[in-house]
2 protein chains.
Amino acid sequence: MAAKRSSAGSRTSRRTGASRPPAPEPAGEPSLSLERIVAAAVELLDAQGLDGLTMRRLADRLGAGAMSLYWHVGSKGEVLDLALDAVLAYRGAPQTGRARDWRAEVVHMLEDWRACMLRHPWSASLLPRRALGPNILARLELLGETLSRAGVAEADLNAGIWSLWNYVMGATITRGSFDLSDEDRAAAQRRLTELGQHYPTIAGTRLLLDDDWDGAFRKGLDFLLDGIAPGR
Amino acid sequence: MAAKRSSAGSRTSRRTGASRPPAPEPAGEPSLSLERIVAAAVELLDAQGLDGLTMRRLADRLGAGAMSLYWHVGSKGEVLDLALDAVLAYRGAPQTGRARDWRAEVVHMLEDWRACMLRHPWSASLLPRRALGPNILARLELLGETLSRAGVAEADLNAGIWSLWNYVMGATITRGSFDLSDEDRAAAQRRLTELGQHYPTIAGTRLLLDDDWDGAFRKGLDFLLDGIAPGR
DNA sequence: ACCTGAACACCGTTCAAGT
DNA sequence: ACCTGAACACCGTTCAAGT
């Protein structure tokens, strides 16, 4: 009953529905709607990054005047909230016939979460700064439910959920940022090697040149899960 | 020999040194210098946040014209880099007479790291996006050295370091962001309770109202350290 | 109900000068 | 060597109108 609480459906264009026959995409600009705005925002963010999203540019891309957006949306922040939630829906683990390992379930969901954010590199750094939309809450719920089923004590449940959140956020934000500057990373490692006497350990392990991001993510996640539910 | 490679000392005002007697702070504005600029930037960031730092406002606060900064600094990004590094120096653990537990060493350094960033709430979200300065590298080196001493296998060392980095970054960025909006958090939890049938687990554990940030940080860190160096 | 242009109060940075 | 103001090409958002 409390299903359609979000604003997503309330103001969208009904023009094509009621008085006219549902003219099949009349070739011209199909006029504004929340859905179109959010979709265009995601495209623009993917193409140009966080700084690339500008109300003027967004309107341009939609063939509208800059101020037309403000009828559908309260502020630029709202556009960001909606774009973020749009990008984080979870389809769930693939259904094998058999009941799934709790650990496989958690790993699958978190790797998918990370993958979603890396596909939209602006999203990771944005997520901790904005309100938690329904898609994010659903992921947290799945996490809590699965850990609980795995036997994590009630008193440890919140700490377990947040530690996984923290790990995934930190890993993805870092990965997304460093990705932009392979050049800088190599330069940093070069400087680090020059200064070998100051940083012998991490110069030796070539910390800044380690390229196996996916493997390192999985490995750290295993460390953490080992600690959260030891011996399972 | 490669010690003073950073730009920090190269262009600073020598006015008070050579031709004049070292006039003891002549009451007027002491003119610009990299040090003064960085110090003012940190103050401004602390007071107004990331969006509050503006080249014009920064110059204003220093009693200079807006463009004067650009003689000392290449861009706004450079100001951010320097402010960030200035804020992350590590004094090391307090020296007790006895050799320190490796685990206590790691926990101390990471809790201090987190505390530094929370004292300057703009810093956490900035750190993963910018180059790694010497203070940050020194912390990573300490981490690697300590884990290695604790017996973590060479092959696991980078993964161990990065997983701790990820955890600390995620935790601190999240903490710093949520701090700004207790109101929103309460509202989110209220909505979450209303929608109890959709999110029964995290509604039950009151995930969004959990206020013991320090305790949760420590608990998650213990999970992770248990996984990185099991049984020590 | 939906969209618009002009205007306001800002940005970071380039440039040609000043001292 | 150090600092400056004017100017350029932008921002998000308010407002008073248009249809």
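Numbered from 1 within each chain, the chains take letters A, B, ... in sequence-line order.
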Partner of B/Trp113 under ring pair (Phe, Tyr, Trp, His ring centres under 6.0 Å), picked from B/Trp165, B/Phe217, B/Tyr167, is B/Trp165
Establish, with yes or no, whether the OP1 or OP2 oxygen of C/dC3 is under 4.0 angstrom from a side-chain nitrogen or oxygen of A/His72.
yes
Let me know the distance between CD1 of B/Ile37 and P of D/dC2, rounded to the nearest Å.
12 Å
At under 4.0 Å between heavy atoms, which parts of nucleotides 4-19 of chain D does protein reach? Answer with one letter per nucleotide, 5' to 3': B base, S sugar-phosphate only, - none.
BBB----BBBB-----
Is a donor from one side chain sitting under 3.5 angstrom from an acceptor on the other, for A/Thr201 and B/Glu145?
no
Looking at B/Asp46 and B/Arg119, is there a salt bridge between them, counting it only when a charged N and a carboxylate O are closer than 4.0 Å?
no
Applying the side-chain contact (heavy atoms from CB on, under 4.5 Å) criterion to B/Leu53, which one of B/Gln48, B/Glu43, B/Lys76 satisfies it?
B/Lys76
Lys/Arg-Asp/Glu bridge criterion (N-O < 4.0 Å) met for A/Asp85, A/Arg130
no
From the options B/Leu209, B/Ile202, B/Asp210, select the one residue that forms a side-chain contact (heavy atoms from CB on, under 4.5 Å) with A/Asn158.
B/Asp210
Is the closest basic N to carboxylate O distance between A/Asp212 and A/Lys219 below 4.0 Å?
no
Distance check, C1' atoms only: D/dC8 and C/dC11, in whole angstrom units.
12 Å
Do A/Leu221 and A/Leu164 come close enough that some side-chain heavy atom pair is under 4.5 Å?
yes
Rounded to whole Å, please give me the gap between CG in A/Leu34 and C1' in C/dC2.
14 Å
Any B/Ser31 side-chain nitrogen or oxygen under 4.0 Å from OP1 or OP2 of D/dC2:
no
Got a minute to check which stems DNA chain D is part of, using Watson-Crick or G-U wobble pairs under 3.5 Å, three or more consecutive?
C:4-8 with D:12-16, C:12-16 with D:4-8
Taking C/dA16 as the reference, what is the distance to D/dC3 when you measure between their C1' atoms (whole Å, please)?
13 Å
Using atom P in both nucleotides, what's the gap between D/dA17 and C/dC2 to the nearest angstrom?
22 Å
